[in-house]
Enquirer: 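Encoded as structure tokens, here's the structure I'll be asking about.
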Amino acid sequence: MKFFVDTANLKQIEEAQDLGILDGVTTNPSLMAKEGISGVDNVLAHYKAICDLVEGDVSAEVISTDFEGMVREGENLAQIDDKIVVKVPMIKEGIKAIRYFADNGIKTNCTLVFSAGQAIMAAKAGATYLSPFIGRVDDISWDGMELIEQISNIYAIQGFSTEILAASIRNPLHIVKAAEAGADVCTCPLSSILGLLNHPLTDIGLAKFLADHKKSSN
Ligand code: E4P
């Protein structure tokens with residue numbers, strides 16, 4: 001399973017990249033706004049800065065909701081760097097845009113996915129990645145992980161090549177469960193990735209090893 005970090009914060013992206021386990025980055029308009037990035041030129045420059053930091057795919061989301069606008073924005077974004085994946089919302093015009101981008105060699109990430117039916121539509125349109133939002137499904141008391149399992153089964157049965165990118169990850173357990181459910185990629189806040197490292201028995205064990213080493217070397 002690939003690890004993407006879900007942020008537009010350059011420091012966090014650098015920290016994740018330094019771990020040596022990072023496969024890419026996802027952003028969205030809310031994450032860009034959180035970093036205070038606004039205006040077309042600043043947005044494009046920020047995506048370029050992210051691409052320069054990481055090895056893998058970088059999702060950059062379109063703001064338009066009509067086909068022509070999405071195509072115009074997506075083609076602009078794709079020119080920034082080969083790493084750019086154009087993030088397109090799961091709406092009718094978005095499906096048309098995903099098909100256009102697929103036919104023109106531009107990678108896409110179909111975002112705001114909450115059902116298996118939507119997942120089928122995105123795969124049929126030729127999306128590179130599909131982003132089901134686990135945390136937001138859980139927020140309304142449904143089971144986000146069941147959705148990942150269902151999509152994973154459908155894609156395997158049907159031989160769809162779209163990669164399942166588990167998004168809206170809120171904690172380390174979400175990552176473990178998404179891996180179990182068959183996600184190809186997890187996009188997570190840095191805190192959730194780092195949270196995977198934690199175990200009290202590791203801390204206790206390491207403290208004892210170091211204390212014993214100190215005793216024996218006195
Ligand atoms: C990533 O592609 C999504 O935009 C993101 O994971 C959404 O996460 P949230 O539901 O925590 O905002």
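Remember, it's 1-based here, ligands and their atoms both numbered in the order they're listed.
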Enquirer: When only distance counts, is Asn109 in polar contact with ligand 1, meaning an N/O pair under 3.5 Å?
Expert: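 No: no nitrogen or oxygen of Asn109 is under 3.5 Å from one in ligand 1.
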Enquirer: Does ligand 1 come near enough to Thr27 that some N or O of the ligand is less than 3.5 Å from an N or O of the residue?
Expert: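 Not met; the criterion fails.
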Enquirer: With a 4.5 Å limit on heavy-atom distance, are the side chains of Gln17 and Glu55 in contact?
Expert: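 Touching, per the 4.5 Å side-chain cut-off.
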Enquirer: Check this for me - ligand 1, Thr187, N or O atoms closer than 3.5 angstrom, yes or no?
Expert: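 In this structure, Thr187 places no N or O atom under 3.5 Å from an N or O of ligand 1.
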Enquirer: Looking at Ile98, Ile91, Ile63, which hits side chain to side chain contact (heavy atoms under 4.5 Å, CB included) with Met70?
Expert: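 Among Ile98, Ile91, Ile63, the one meeting side chain to side chain contact (heavy atoms under 4.5 Å, CB included) with Met70 is Ile91.
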Enquirer: My understanding is that only one of Phe4, Tyr155, Phe101, Phe160 makes a ring pair (Phe, Tyr, Trp, His ring centres under 6.0 Å) with Tyr129; could you say which?
Expert: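 Only match with Tyr129 under ring pair (Phe, Tyr, Trp, His ring centres under 6.0 Å): Phe4.
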Enquirer: Where the closest heavy atom to atom 12 (O) of ligand 1 is concerned, which of Arg170, Glu61, Arg136 has it?
Expert: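 Of the listed residues, Arg136 has the closest heavy atom.
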Enquirer: So which protein heavy atom does atom 3 (C) of ligand 1 come closest to, and at what separation?
Expert: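 Nearest protein contact, heavy atoms only, for atom 3 (C) of ligand 1 is Phe133 CZ, 3.5 Å.
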Enquirer: Between Glu35 and Asn9, is there a side-chain donor-acceptor contact under 3.5 Å, judged purely by atom types and distance?
Expert: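 Glu35 and Asn9 do have a side-chain donor-acceptor pair below 3.5 Å.
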Enquirer: Okay, side chain of Arg99, backbone of Lys124: is any donor-acceptor separation there less than 3.5 Å?
Expert: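 Indeed, once roles are kept as given, a pair shorter than 3.5 Å links the two residues.
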Enquirer: Looking at every heavy atom in both Gly126 and Ala102, which two are closest together, and how far apart are they?
Expert: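 Heavy atoms of Gly126 and Ala102 come nearest at O-CB, 3.7 Å.
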Enquirer: Starting from atom 6 (O) of ligand 1, what is the nearest protein heavy atom, named by residue and atom, and what distance separates them?
Expert: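 Checking every protein heavy atom, the shortest distance to atom 6 (O) of ligand 1 gives Asp6 OD2, 2.6 Å.
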Enquirer: Which of the atoms in ligand 1, numbered in the order shown and given with their element, are less than 4.0 Å from a heavy-atom of Lys87?
Expert: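 What qualifies from ligand 1 is 1 (C), 2 (O), 3 (C), 4 (O).
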